[in-house]
Asks: 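Submitted below is the structure of interest, expressed as structure tokens.
For reference, positions follow the sequence shown, starting with 1. Excluded from the calculations below are hydrogen atoms, water molecules and symmetry mates; all remaining heavy atoms, backbone and side chain alike, are included.
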Amino acid sequence: QVQLVESGGGLVQAGGSLRLSCAASERTFSSYAMGWFRQAPGKEREFVAAINWSGGVTYYADSVKGRFTISRDNAKNTVYLEMNSLRPEDTAVYSCAARGRRIATSNRHEYDYWGQGTQVTVSS
């Protein structure tokens with residue numbers, strides 16, 4: 001069982017930046033692909049970004065491409081999401097997820113473990 005704990009959310013003005021972190025309990029963290037997803041009120045959970053086991057391959061949703069950056073530090077069992085040029089439409093609960101494979105995917109149904117999420121609110 002992999003436990004994931006997100007941190008770094010908060011309230012920020014439009015145009016601002018936040019850095020989310022997701023710490024994993026699993027000592028074989030480097031075997032897992034990781035993803036970030038978000039869910040706004042009344043909407044389905046949507047893909048934001050994903051990264052393969054080594055950090056060498058990343059994927060982004062079109063809506064965040066060029067503004068968000070996903071990265072990982074396998075020595076610290078942590079994955080990050082750097083968010084710049086934030087917009088009000090980025091407001092959501094952001095959750096990290098672990099996939100029991102080394103290859104990442106944007107499909108939320110292919111992730112095995114989920115964190116509780118952290119709230120990100122962007123004011124206009």
Side-chain angles (χ1 to χ4, degrees):
Q1 185 80 7
V2 179
Q3 298 195 352
L4 303 171
V5 180
E6 301 96 337
S7 61
L11 173 64
V12 63
Q13 288 189 330
S17 299
L18 283 174
R19 187 193 197 203
L20 305 183
S21 300
C22 171
S25 63
E26 179 57 48
R27 60 184 177 88
T28 59
F29 174 74
S30 61
S31 298
Y32 291 79
M34 300 295 295
W36 283 97
F37 295 80
R38 66 187 182 186
Q39 187 167 22
K43 295 187 176 181
E44 286 194 356
R45 180 177 284 172
E46 66 173 3
F47 169 72
V48 176
I51 190 167
N52 77 334
W53 67 280
S54 67
V57 179
T58 56
Y59 303 99
Y60 296 93
D62 288 343
S63 59
V64 307
K65 204 170 292 184
R67 300 188 297 124
F68 290 12
T69 302
I70 188 171
S71 62
R72 65 189 297 160
D73 185 340
N74 286 343
K76 296 182 178 180
N77 287 4
T78 302
V79 63
Y80 305 97
L81 185 68
E82 184 75 34
M83 304 186 295
N84 298 313
S85 302
L86 283 161
R87 305 166 180 168
E89 54 265 37
D90 294 319
T91 295
V93 174
Y94 284 70
S95 299
C96 68
R99 182 179 191 230
R101 301 284 178 95
R102 295 190 169 192
I103 305 302
T105 173
S106 61
N107 186 343
R108 67 182 187 270
H109 301 294
E110 296 190 29
Y111 285 82
D112 303 298
Y113 304 100
W114 291 84
Q116 291 297 309
T118 185
Q119 177 70 46
V120 171
T121 302
V122 185
S123 63
S124 57

Asks: Which distance, rounded to the nearest 0.5 Å, do you find between the OG1 of Thr91 and the CD of Gln119?
Replies: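 Here the interatomic distance stands at 7.0 Å.
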Asks: Do any N or O atoms from the side chain of Thr78 and from the backbone of Ala23 form a donor-acceptor pair under 3.5 angstrom?
Replies: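 Side chain of Thr78 to backbone of Ala23: no pair is present.
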Asks: Checking Glu6 side chain against Cys96 main chain: does a donor-acceptor pair fall under 3.5 Å?
Replies: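 Indeed, once roles are kept as given, a pair shorter than 3.5 Å links the two residues.
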Asks: Between Tyr111 (side chain) and Thr105 (backbone), is there a donor-acceptor pair under 3.5 Å?
Replies: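 The answer is yes, because a donor-acceptor pair under 3.5 Å joins these two groups.
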Asks: Main chain of Phe29, side chain of Asn77: is a donor-acceptor contact present, judged purely on distance under 3.5 Å?
Replies: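 No, Asn77 side chain to Phe29 backbone: no donor-acceptor pair under 3.5 Å.
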Asks: Does the pair Arg108/Glu44 count as a salt bridge with the N-to-O cut at 4.0 Å?
Replies: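 Counted as a salt bridge, because a side-chain N and a carboxylate O are separated by less than 4.0 Å.
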Asks: Rounded to the nearest 0.5 Å, what separates atom CZ in Phe68 from atom OG1 in Thr58?
Replies: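 Going from the CZ atom of Phe68 to the OG1 atom of Thr58 covers 14.0 Å.
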Asks: Which pairs count as side chain to side chain donor-acceptor pair (under 3.5 Å) when at least one residue sits in residues 80-89, sequence neighbours excluded?
Replies: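 For residues 80-89, and leaving out neighbouring residues, the side chain to side chain donor-acceptor pair (under 3.5 Å) pairs sorted by first residue read Ser17-Asn84.
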Asks: Pick out which of Leu4, Ile51, Val2, Asp112 makes a side chain to side chain contact (heavy atoms under 4.5 Å, CB included) with Tyr32.
Replies: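 Only one of Leu4, Ile51, Val2, Asp112 forms a side chain to side chain contact (heavy atoms under 4.5 Å, CB included) with Tyr32, namely Val2.
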Asks: At their closest point, which heavy atom of Met34 faces which heavy atom of Cys22, and how far apart are they?
Replies: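 Residues Met34 and Cys22, closest heavy atoms: CE-SG, 4.3 Å.
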Asks: Side-chain heavy atoms nearer than 4.5 Å, only ILVMFWY residues, links allowed to pass through others: does that put Trp36 and Val12 together?
Replies: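 Trp36 clusters together with Val12.
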Asks: May I ask you to decide if Val5's main-chain N or O and Gln116's side chain share a donor-acceptor pair within less than 3.5 Å?
Replies: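 Side chain of Gln116 to backbone of Val5: no pair is present.
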Asks: Provide the closest heavy-atom pair for Thr69 versus Tyr60 in the form atom of the first, atom of the second, distance.
Replies: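 Answer, listing the atom of Thr69 first, then Tyr60: CA-OH, 3.3 Å.
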Asks: Before we go on, tell me: are the rings of Phe47 and Tyr59 under 6.0 Å apart, centre to centre?
Replies: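 Here the rings of Tyr59 and Phe47 have centres that are no less than 6.0 Å from each other.
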Asks: Between Tyr113 and Gln1, which heavy-atom pair has the shortest distance, and what is it?
Replies: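 Smallest heavy-atom distance, with atoms named: CE2-OE1, 3.7 Å.
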Asks: Does a side-chain heavy-atom distance below 4.5 Å link Arg67 with Met83?
Replies: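 When only atoms from C-beta onward are counted, Met83 and Arg67 do not touch, as no gap falls below 4.5 Å.
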Asks: Please indicate whether Gln3 has more than 12 foreign heavy atoms, meaning atoms of other residues, nucleotides or ligands, lying under 6.0 Å from its CD.
Replies: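 It does not: Gln3 CD has 12 such atoms or fewer within range.
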Asks: Measure the shortest side-chain to side-chain distance between Arg38 and Val120 over non-hydrogen atoms and say whether it is less than 4.5 angstrom.
Replies: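 Of all side-chain heavy-atom pairs linking Val120 with Arg38, none is under 4.5 Å.
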Asks: Looking only at heavy atoms, which two atoms of Leu86 and Leu18 are closest? And how far apart?
Replies: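 So the minimum-distance heavy-atom pair works out to CD1-N, 3.9 Å.
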Asks: Locate the shortest heavy-atom distance separating Ala104 from Ala50; write the atom from each residue and the value.
Replies: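 Taking every non-hydrogen atom into account, CB-CB, 3.8 Å.
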Asks: Which pair of non-hydrogen atoms, one from Val79 and one from Ile70, has the smallest distance, and what is that distance?
Replies: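 Minimum heavy-atom separation between Val79 and Ile70: CG2-CG1, 4.0 Å.
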Asks: Hey, is NZ on Lys65 packed in by over 12 heavy atoms from elsewhere, all under 6.0 Å?
Replies: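 Above 12, so yes.
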Asks: About how many Å separate CZ of Arg72 and OG of Ser30, when rounded to the nearest 0.5 Å?
Replies: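 Rounded to the nearest 0.5 Å, the OG-CZ separation comes to 7.0 Å.
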Asks: Counting only heavy atoms not in Arg45, do more than 12 sit closer than 6.0 Å to its CZ atom?
Replies: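 Enclosed: over 12 neighbouring heavy atoms sit under 6.0 Å from CZ of Arg45.
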